[in-house]
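Take a look at the structure below.
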Amino acid sequence: MRSSLQTDHHGFTLIELLVVMAIIATLLTLAVPRYFSSLKKSQEAVMKENLWILRDALDKYYGDAGRYPDRLEELVVKKYLRSLPLDPITDSSTSWLVIPPSDPEKGGVYDVKSGATGMSTNGSPYNDW
């Protein structure tokens, strides 16, 4: 038989819930900034790799044709690339900044840079890469 002073607990008290929420909030304040920092660093690593791929294709095109392509799309048409890589910061393959050669007779695309605005994690502007 059960006494009238004995009660069954079927849930958590408000204090217990507040303590758990405070612990979760503390853990999130540590984890979330690290997550976004690593996300930005990974985008920068992909951008460096994509710039290297584009520049390598431009060099191969120049080695084969003796001139640079007139547009970036020629690298795809002539099968130097399967497709133009994305700029991961702008999430677009059309935002690349085209740098022409000093001699216009040599084509239209000597180099490419990112069209993204803003600063990288090392403090340099994206469009200087």
Side-chain angles (χ1 to χ4, degrees):
M1 200 177 336
R2 206 180 274 185
S3 81
S4 63
L5 296 176
Q6 197 175 28
T7 59
D8 290 337
H9 293 286
H10 292 291
F12 298 105
T13 65
L14 181 60
I15 298 295
E16 291 170 331
L17 290 174
L18 288 174
V19 168
V20 170
M21 295 298 288
I23 291 170
I24 290 172
T26 303
L27 291 174
L28 284 175
T29 59
L30 297 173
V32 170
R34 289 184 182 178
Y35 169 75
F36 286 117
S37 171
S38 66
L39 184 64
K40 187 171 183 178
K41 286 180 183 178
S42 66
Q43 287 176 330
E44 291 175 2
V46 169
M47 183 166 55
K48 285 180 185 179
E49 179 69 18
N50 288 351
L51 282 169
W52 185 87
I53 289 169
L54 279 169
R55 290 171 177 158
D56 184 56
L58 286 169
D59 291 342
K60 288 177 181 175
Y61 187 98
Y62 183 78
D64 291 344
R67 65 185 307 275
Y68 294 103
D70 293 321
R71 302 175 302 118
L72 280 177
E73 291 77 16
E74 281 185 52
L75 296 173
V76 177
V77 171
K78 303 265 177 129
K79 307 290 185 200
Y80 286 90
L81 295 172
R82 289 185 182 184
S83 64
L84 285 177
L86 288 176
D87 182 336
I89 307 298
T90 63
D91 201 28
S92 172
S93 63
T94 60
S95 65
W96 297 112
L97 298 177
V98 173
I99 310 297
S102 57
D103 182 7
E105 297 293 320
K106 289 191 173 191
V109 184
Y110 169 73
D111 195 11
V112 291
K113 294 188 177 197
S114 174
T117 58
M119 302 294 270
S120 67
T121 54
N122 67 6
S124 65
Y126 286 124
N127 56 13
D128 277 353
W129 291 10

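E44 places a side-chain N or O within 3.5 Å of a backbone atom of T121 that can act as its donor or acceptor partner.
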Given salt bridge (Lys or Arg N to Asp or Glu O under 4.0 Å), test K60 with D56 step by step and report yes or no.
CA-CA 6 Å; K60 288 177 181 175; D56 184 56; 3.1 Å; yes

Evaluate T90 against S92 for side chain to side chain donor-acceptor pair (under 3.5 Å), listing each step before the verdict.
CA-CA 5 Å; T90 63; S92 172; 5.0 Å; no

Stepwise, does the side chain to side chain contact (heavy atoms under 4.5 Å, CB included) test hold for D91 with L86?
CA-CA 6 Å; D91 201 28; L86 288 176; 3.9 Å; yes

Please step through side chain to side chain contact (heavy atoms under 4.5 Å, CB included) for the pair L84 and V76, ending with a clear verdict.
CA-CA 7 Å; L84 285 177; V76 177; 4.0 Å; yes

If you apply the rule side chain to side chain contact (heavy atoms under 4.5 Å, CB included), what do you find for T94 with L72, and how did you get there?
CA-CA 9 Å; T94 60; L72 280 177; over 6 Å; no

Under the side chain to side chain contact (heavy atoms under 4.5 Å, CB included) rule, what do L51 and M47 come out as? Steps first, then yes or no, please.
CA-CA 6 Å; L51 282 169; M47 183 166 55; 4.1 Å; yes

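Applying the side-chain hydrogen bond (donor to acceptor under 3.5 Å, both in side chains) rule to D128 yields no partners; only residues at least two apart in sequence or on another chain are considered. Evaluation of the side-chain contact (heavy atoms from CB on, under 4.5 Å) rule for D59 yields no partner, not counting sequence neighbours. Evaluation of the side-chain contact (heavy atoms from CB on, under 4.5 Å) rule for L14 yields L18 as partners, not counting sequence neighbours. Qualifying side-chain hydrogen bond (donor to acceptor under 3.5 Å, both in side chains) partners for E73, counting only residues two or more places apart in sequence or in other chains: R71.
Here M119 contributes atom CE and N127 contributes atom CG; the two are 9.5 Å apart, rounded to the nearest 0.5 Å. In this structure, the separation between CG on L75 and CD1 on I53 is 12.0 Å, given to the nearest 0.5 Å. Distance check: I89 CD1 to Q43 CD gives 4.5 Å after rounding to the nearest 0.5 Å. Summarising the geometry, atom CD belonging to E74 is positioned 10.5 Å from atom CG belonging to L58; distances are rounded to the nearest 0.5 Å. How far CZ of R55 is from CG of N50: 11.0 Å, rounded to the nearest 0.5 Å.
Taking each heavy atom of D70 and G107 in turn, the nearest pair found is OD1-CA, 3.7 Å. Between V112 and V109 the shortest heavy-atom distance is CG1-CG1, 4.1 Å. A pairwise comparison of heavy atoms in P101 and G108 identifies CD-C, 3.9 Å as the closest pair. Annotation for D87 and S114: closest pair OD2-OG, 2.6 Å, computed over non-hydrogen atoms.
Taking hydrophobic clusters as Ile, Leu, Val, Met, Phe, Trp and Tyr residues chained together by side-chain heavy-atom distances below 4.5 Å, I24 does not share a cluster with L17. Grouping the Ile, Leu, Val, Met, Phe, Trp and Tyr side chains by contacts below 4.5 angstrom, directly or via other members, places V98 with L81. When hydrophobic clusters are built by joining Ile, Leu, Val, Met, Phe, Trp and Tyr residues whose side-chain heavy atoms come closer than 4.5 Å, directly or via intermediates, V19 is not grouped with F12.
Listed by first then second residue, pairs satisfying ring-ring contact (aromatic ring centres under 6.0 Å, His included) with a partner in residues 26-51 number zero, not counting sequence neighbours. Judged as a ring-ring contact (aromatic ring centres under 6.0 Å, His included), the pairs with a partner in residues 96-129 (not counting sequence neighbours) are, in order, Y68-Y110, Y126-W129.
More than 12 non-hydrogen atoms from other residues, nucleotides or ligands lie less than 6.0 angstrom from NZ of K40.
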